[in-house]
Structures are given as structure tokens and as C-alpha cells.
Amino acid sequence: MAAMATSTLISSKPKPSSSFLDSSSSFHGLPLPSRASTLRPHCHSPSLSISSKYDLNSFKFEPIKESIVSREMTRRYMTDMITYADTDVVIVGAGSAGLSCAYELSKDPTIRVAIIEQSVSPGGGAWLGGQLFSAMLVRKPAHLFLDELQIPYDDQDSYVVIKHAALFTSTILSRVLARPNVKLFNAVAAEDLIVKEGRVAGVVTNWALVSMNHDTQSCMDPNVMEAKVVVSSCGHDGPFGATGVKRLKTIGMIDSVPGMKALDMNSAEDAIVNLTREVVPGMIVTGMEVAEIDGAPRMGPTFGAMMISGQKAAQLALKALGRPNALDGTLVAGAVRPEMMIASAEDDEVAQA
């Protein structure tokens, strides 16, 4: 097993001095709007009138042949499968950590990122807060990531509260899916790993419904997706949880998967970020799956560590790919690179990420 990371990624101070999380943005660039102590939506109030282009009294769609619909879906999906059969990074799991990782990686348009998600609906457990409540709590300084995404929140000194967890998840999901270098394969399960000469070199995939029914049907062989780096963000133990590290154990690449300990929010979030790392050559573990492999405490309904762990996993992937990254000082502060720019919710505003 790779040695545990010891560097502290986020500090307890409200305004961290770390270059990894500075006050301008999550990663170097122009200042982004700060948040006041009350919710401040960043968008203009929508008009109450419907577009004048629509006549709802006599609305009619353009005609189409049913076969065109079938061909468009099939052609585009098969093209994606061919394109991403050999890719730069495969992220397994589209929860808050996996999406944060994908968002960070997508800033470099030369890196192709495939996301494998067994559920039809990506987002993992980040659509709601604790006990099916709506609000999402994020401890500082992870709120800087929300500033970059321009997600409004209620500022409560040492933490912030997003009025509904779905606001975070839908925002980051829309940002990620809009990137031309990212493809989400949802309803697809990672059944196994590709391992070559002691290095993880990709994943074995299948439709999620097929994976769930191997015992009810005859042999249904899988497909494969090669990758230079695999990021496992499968979450804590469950039907599809922690599958990456559990498979590493069964094939003898790591010694044990002790499982997460009882809840301790203050210890858990720091540990998840600090222990996010490349556990074996070619495979980075992020999010709650980190707790499974290291026996760290569970954190409960607070989400900042998922976001920052995902960002750190992205920087580790960049490092593994030999790209500039925030971990070894090769990502220069203030450097202007067009491919590292993000568009805000307003068309006329641009912030450098």
C-alpha cells in the first residue's frame, strides 16, 4: 500500500494561506465575488412573461421521423464509447467527490475524462442533507469552492449553508457535463479493474442492470475502458460502495479494508482530505472510500471534505499525468491559461479558475 499522505490540505483558519485554497478562487486566478451573511442569488430575477416567440394557443413542434431519434442517440453514444475506450482519466462514481474531481480536471481541455456511475441519476448522496433534509452544510474554508461555482449560501461564521443540497449538485453537474472533454456514462457499473504489471490501467464495465443480474441470467461478458489514471470515488460500503478498494484487497494489491469508524465530524473531514492519495500505482482514492481503506471516522451530513478531496484527487491525477498541478508547485499562481478559465452563470462575466 502506498504511504499515507501527511500534508494538511485545509487549515482551521477562516482565511487559509495555502496556495491550494487561496482567497481568489479554489485555484489561482481573478477574485470572485464574496458572500455576505445572507443569501445573495447571483442571477437576475426571471421575467414573469413567457418568450414572445411561443404561441401557446397554437404550439406545434417540427416533424421528425422516429428512426432519426434512434440514430442520433445511438450514433452519439457509440462514438463516445469509441472515444473513451482509451482515455486519460476514468472516475468511478459521480457523487460529490467524483464530480468535484471531474470539474477540476475538465479545466484542461486536453485531458479526456470519463465518469462511470452505476445509478441512472448521478450525484450520489448529495441531493439531500442529513436524514433526508434539504440544506447542505459546508465547513470553511471549503466555501471557496462554492464561490468559484457561484453557488449562493448563508454564511454562518465557521461554516456556510446551501439552502438545498440539490443546488450544489445540479450546479456542478451542469458545469461538468457542459465540458467538451468529459463524458458521463451513467447506468454503467465498474465490475473490475484492469491491472498490468502491478499498475491499475483501467476499468471493466457493464450496464448496471446487467451487473445486478449476473445470477439470474447466463454469462453476460463486460466491456473495458483503459485509462492512464483511475480515480475511485465509490463512497462508503454498500451495494456498489467502496468497490475499488475492496477489489484491490481481493487481488492482493492492498492488505486490508478495515471500514470506516464511528462518526466524528471534526476528525473525519480533515482525515478524508489528508488521506486522499494514489493508493496503488495508477489508482487514486477520494471521498468516503478513503475512510473505508484507512479506518477513518464517518463525517455525517457535512460535505466540504467531499469537495476538497475531489479537488485534491484531480491534482494528484494531473501530477500522475505529468501536468502542472497545485501539489508540487508546478501550477503557477496568476498564470493566464485560456483552457483554465471557467464561465460564470452570467454570459458577460468570466473568472479564471
Side-chain angles (χ1 to χ4, degrees), residues 1-11 16 18-21 26-27 88-93 95-105 111 113 142 145 190 193 195 198-203 227-237 241-249 251-261 267-299 304-331:
M1 179 189 295
M4 291 185 179
T6 57
S7 60
T8 301
L9 188 60
I10 54 175
S11 68
S18 168
S19 62
F20 189 61
L21 280 176
S26 294
F27 295 103
D88 294 311
V89 181
V90 169
I91 300 172
V92 184
S96 49
L99 290 175
S100 298
C101 179
Y103 170 81
E104 203 62 46
L105 285 170
I111 296 177
V113 181
F145 187 47
L193 300 171
V195 179
R199 181 181 180 85
V200 174
V203 294
K228 298 180 179 70
V229 179
V230 172
V231 177
S232 188
S233 56
C234 299
H236 52 70
D237 197 12
T243 53
V245 296
K246 287 190 289 189
R247 184 55 176 154
L248 289 179
K249 180 179 181 297
I251 61 179
M253 293 187 75
I254 60 174
D255 296 329
S256 64
V257 181
M260 62 183 176
K261 294 180 180 178
S267 298
E269 290 210 277
D270 290 345
I272 294 300
V273 175
N274 293 336
L275 295 172
T276 297
R277 65 196 187 281
E278 188 175 20
V279 292
V280 298
M283 181 164 157
I284 297 163
V285 176
T286 184
M288 283 308 299
E289 195 167 8
V290 174
E292 294 290 336
I293 192 173
D294 287 311
R298 66 188 301 172
M299 69 188 63
M306 298 296 95
M307 304 171 191
I308 309 305
S309 174
Q311 283 192 297
K312 184 178 179 182
Q315 297 300 314
L316 288 164
L318 290 172
K319 184 178 180 180
L321 292 170
R323 305 295 182 91
N325 62 88
L327 297 176
D328 60 12
T330 55
L331 185 63

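Legend: salt bridge (Lys or Arg N to Asp or Glu O under 4.0 Å) pairs involving residues 227-236, not counting sequence neighbours, sorted by first then second residue: D88-K228.
Annotation: side-chain contact (heavy atoms from CB on, under 4.5 Å) contacts of A296 (sequence neighbours excluded): A271, A291. The side-chain contact (heavy atoms from CB on, under 4.5 Å) check on A320 picks up V229, with sequence neighbours excluded. Every side-chain contact (heavy atoms from CB on, under 4.5 Å) that A314 has, sequence neighbours left out, goes to C101, E104, L105. Taking R323 as the reference, D108, T110 meet the side-chain hydrogen bond (donor to acceptor under 3.5 Å, both in side chains) condition, with sequence neighbours excluded. Not a single side-chain contact (heavy atoms from CB on, under 4.5 Å) links K261 to another residue, sequence neighbours left out.
The line from OG of S233 to CE of M288 is 12.5 Å long, rounded to the nearest 0.5 Å. Put simply, OG on S256 and CG on D294 are 9.0 Å apart, with the number rounded to the nearest 0.5 Å. Residue K246 holds its NZ atom at 7.5 Å from CD of E292, rounded to the nearest 0.5 Å. Of the inter-residue distances, the one linking L248 atom CG with D255 atom CG reads 11.0 Å to the nearest 0.5 angstrom.
In plain terms, the two heavy atoms of M306 and S96 that are nearest each other are CB-OG, 3.1 Å. Scanning all heavy atoms of the two residues, the minimum distance from A268 to P297 falls at CB-O, 3.3 Å. The minimum heavy-atom distance linking V92 with A190 is given by the pair CG1-CB, 3.7 Å. Smallest separation of non-hydrogen atoms from P258 and G295: CG-N, 3.7 Å.
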Audit row: R247, M253, side chain to side chain contact (heavy atoms under 4.5 Å, CB included) steps and yes/no
CA-CA 9 Å; R247 184 55 176 154; M253 293 187 75; over 6 Å; no

How far apart are the C-alpha atoms of I254 and M283, what are their side-chain angles, what is the distance that settles it, and do they pass the side chain to side chain contact (heavy atoms under 4.5 Å, CB included) test?
CA-CA 12 Å; I254 60 174; M283 181 164 157; over 6 Å; no

Would L318 and T330 satisfy side chain to side chain contact (heavy atoms under 4.5 Å, CB included), going step by step from the backbone distance to the final call?
CA-CA 10 Å; L318 290 172; T330 55; over 6 Å; no

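Judged purely by atom type and a 3.5 angstrom limit, E289 uses its side chain to pair as donor or acceptor with the backbone of G244. A distance-only check finds a donor-acceptor pair linking the side chain of E278 to the backbone of G282 [under 3.5 Å]. With E269 contributing its side chain and G304 its backbone, the two residues share a donor-acceptor pair below 3.5 Å. Under a 3.5 Å cut-off, the side chain of Q315 and the backbone N or O of N325 do not form any donor-acceptor pair.
When side chains are defined from C-beta on, V89 counts as touching L321, because their heavy atoms get closer than 4.5 Å. In this structure, the side chains of I308 and T276 stay at 4.5 Å or more apart for every pair of heavy atoms. Using a 4.5 Å heavy-atom threshold, the side chains of K249 and I293 count as separate. V203 has its side chain within reach of L193: a pair of non-hydrogen atoms, C-beta onward, lies under 4.5 Å apart.
When S309, S232, S100 are each tested for a side chain to side chain donor-acceptor pair (under 3.5 Å) with T286, only one passes: S309.
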